Amino acid sequence: MSYIQGETGDWEIVIGLEVHAQVISNAKLFSGAATAFGAEPNSQVSFVDAAFPGMLPVINEHCIEQAVRTGLGLKAQINLHSVFDRKNYFYADLPQGYQISQYLQPIVGKGEIVLDLPDGSSRTVGVTRLHLEQDAGKSLHDQHPAKTYIDLNRSGVALMEIVSEPDMRTAEEAGAYVRKLRSILRYLGTCDGNMEEGSMRCDVNVSVRKPGAPFGTRCEIKNVNSIRFVMQAIEYEARRQIEIIEEGGKIDQETRLWDTTKFVTRSMRSKEEAHDYRYFPDPDLLPLELDPAWVEDIKRTLPELPDDKKARFISEYKLSPYDANVLVSEKARADFFEAVAKGRDPKLAANWVTGELFGYLNKAGKEIEESPVSAENLGGLIDLIADNTISGRIAKEVFEAMFETGEKPADIVEKKGLRQVTDTGAIESSIDAVLAANADKVAEFRSGKDKLFGFFVGQVMKATQGKANPALVNEILMTKLKG
Amino acid sequence: MSLDKATVAKIAHLARIKVPDDELDHLAGELSQILTFVEQLGEVDTQDVPPMTSVAAQTLRRRKDEVTDGGYRDAVLSNGPETAEGFYVVPKVVE
């Protein structure tokens, strides 16, 4: 357990997360309007989404399927009977005056998420529930000094609200939770996980307590839109609460927001009344009944998910949990690795993919899908190392050229004349030349200065522009020096 | 069930309906009467009766995931008291 040190001793942070994940669908949850991001304002709005009188909601069956698929991916209970409720509140971007949501009877019940922590260990966090609800419209406050502009394109888009148990104890765990949830949603194809575009947003519940004490009063930090901000907000908020309590004050349960320029949380509603959403079943919608056979059908189409893939990579390819984590976090990465590893040394394949390739991609700001080096060509490079055409060191040079040009490794090796020298005669003559030029060092070596061996290897490699086969160089050099 | 003045004032606020103080007593009486009328339903024993969600035996209608609506911004905005550049315009609501 990692505690925060306060004036009066150790404190434990208790964190629960509510993640709003936008469902991937063509049309909205209860209307036939489009969901595409970035459209002209109010161009993807039906009369249902704008809450014109008499308009009735009709549920999108694909959104139901996506919620069930997500529930199955979280190993959660699927509720065959669930109910839509109205959550009543007034806001300018909520034209109905209520949000259609699910309250007492959500579509998905208890599940779990396994966190992969930076030290390679794992920890299971409970998922309380997942429910379907409508998104609200978007308010733009910066277009006019005294007015707010409203765009209803997002109004009515399907969201999955995924609520965790208050099981996390550090900002790192909360970060790992969001990362893992995002990875699972992307594998399932139910949410694109794009936090910048707002298709995944986080509400963070934070409280502090003395280790072993009952839960403290929590504050909710709304609408945090990056994993880094989630972690920063938790660190700040925990310290703020500890300071208040240690100075004899008490925590007010309230909604706060993370100020991304000042790096503080601040109270959102100064005179906030206790939330009174007056939930009641939406009379426009019958309960949602699912056929168990239909749920089973969906279950059969689930892809191999990150946890299973990780376990398989460890057992099948003998990868370390760390490498396996890095590779399975995105399905495209895992697929790339498997294409490279097929019929080759998997450990070597993992090293090249997570080392050189990810390093270069990262530097270039590219995703794996945009990699100039194809899996086939990286595999080809590894083959050239395996059959002694090039050394591992030369391979890095070839890789750099592959990344720049996208050319095949064999072509680059030919063009640049990088083929490894395995002709013992040629290597011997290089060694002879080096030994002759460094007669003093040869004498030192023979009188016991073993460390000089590395110097000779270096000189020979330099003389052959790195193309000499290192194993042969070592062998012949040793024989000649000892002789 | 009878409502007191404070509860009626709270309900009015939640519904964003402006009710002058001198009407609260009268409204409390009316609302209490409605509640008392509805409370008669409580006399029926519904212990083992599942909640009825529809008078006709039907299930929730579903739509296909196809874009069939929207794309008529002018019609949508035509009822807005104030609009600009394709947006609804409202008094500033940010804090």
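Given the structure is predicted, the values throughout are model-derived calculations rather than measurements. Naming convention: chains lettered A, B, ... in sequence-line order (proteins, then strands); numbering from 1 in each chain.
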Non-hydrogen atoms of chain A under 4.5 Å away: do they reach the side chain of [X], the backbone, both or neither?
X     : value
B:D74 : neither
B:E82 : side chain
B:A75 : both

For A:L286 and B:T59, what are the C-alpha separation, side-chain angles and deciding distance, and is it a side-chain contact (heavy atoms from CB on, under 4.5 Å)?
CA-CA 7 Å; A:L286 289 164; B:T59 54; 5.6 Å; no

Within the distance-only criterion (no hydrogens, no angle test), does the side chain of B:Y72 pair as donor or acceptor with the backbone N or O of A:F47 below 3.5 angstrom?
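Here the side-chain-to-backbone pair exists.
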
Does B:R63 reach the main-chain N or O of A:V58 with its side chain, forming a donor-acceptor pair under 3.5 Å?
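Side chain of B:R63 to backbone of A:V58, a donor-acceptor pair under 3.5 Å: yes, one is there.
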
Are more than 12 heavy atoms from other residues, nucleotides or ligands located less than 6.0 Å from atom [atom1] of [X]?
X      : atom1 : result
B:F37  : CZ    : no
A:R278 : CZ    : yes
A:K147 : NZ    : yes

Which pair of non-hydrogen atoms, one from A:E289 and one from B:R62, has the smallest distance, and what is that distance?
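Looking at all heavy atoms of both residues, the closest pair is O-NH2, 3.1 Å.
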
How close do A:P287 and B:L60 get, heavy atom to heavy atom, and via which atoms?
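Looks like O-CB, 3.8 Å.
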
Heavy-atom pairs under 4.5 Å with chain B, option from [options] with the top count:
options                     : result
A:D93, A:N153, A:I64, A:N88 : A:I64
A:S31, A:P283, A:A39, A:S43 : A:S31
A:A92, A:C63, A:P41, A:A33  : A:P41
A:V83, A:V48, A:V45         : A:V45

Begin with the C-alpha distance, continue with both residues' side-chain angles, and end with the deciding distance and a verdict on side-chain contact (heavy atoms from CB on, under 4.5 Å) for A:H141 and B:V93.
CA-CA 8 Å; A:H141 303 296; B:V93 288; 3.7 Å; yes

Side chain proximity check, B:V89 to A:H144, heavy atoms < 4.5 angstrom:
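Contact flag for B:V89/A:H144 side chains = no.
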
Can you measure from [atom1] ([X]) to [atom2] ([Y]) and round to the nearest 0.5 angstrom?
X      : Y      : atom1 : atom2 : answer
A:D49  : B:D69  : CG    : CG    : 7.5 Å
A:E40  : B:E85  : CD    : CD    : 10.5 Å
B:R73  : A:D151 : CZ    : CG    : 9.0 Å
A:Q143 : B:K92  : CD    : NZ    : 9.0 Å
A:I150 : B:T83  : CD1   : OG1   : 12.5 Å
B:F87  : A:S139 : CZ    : OG    : 10.5 Å

Contact part of [X] toward chain B, heavy-atom cut-off under 4.5 Å: side chain, backbone, both or neither?
X      : answer
A:F30  : backbone
A:A146 : backbone
A:P145 : backbone

Let's test your reading of the structure: which of B:L77, B:V90, B:D65 forms the most heavy-atom pairs below 4.5 Å with chain A?
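The residue among B:L77, B:V90, B:D65 with the greatest pair count is B:D65.
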
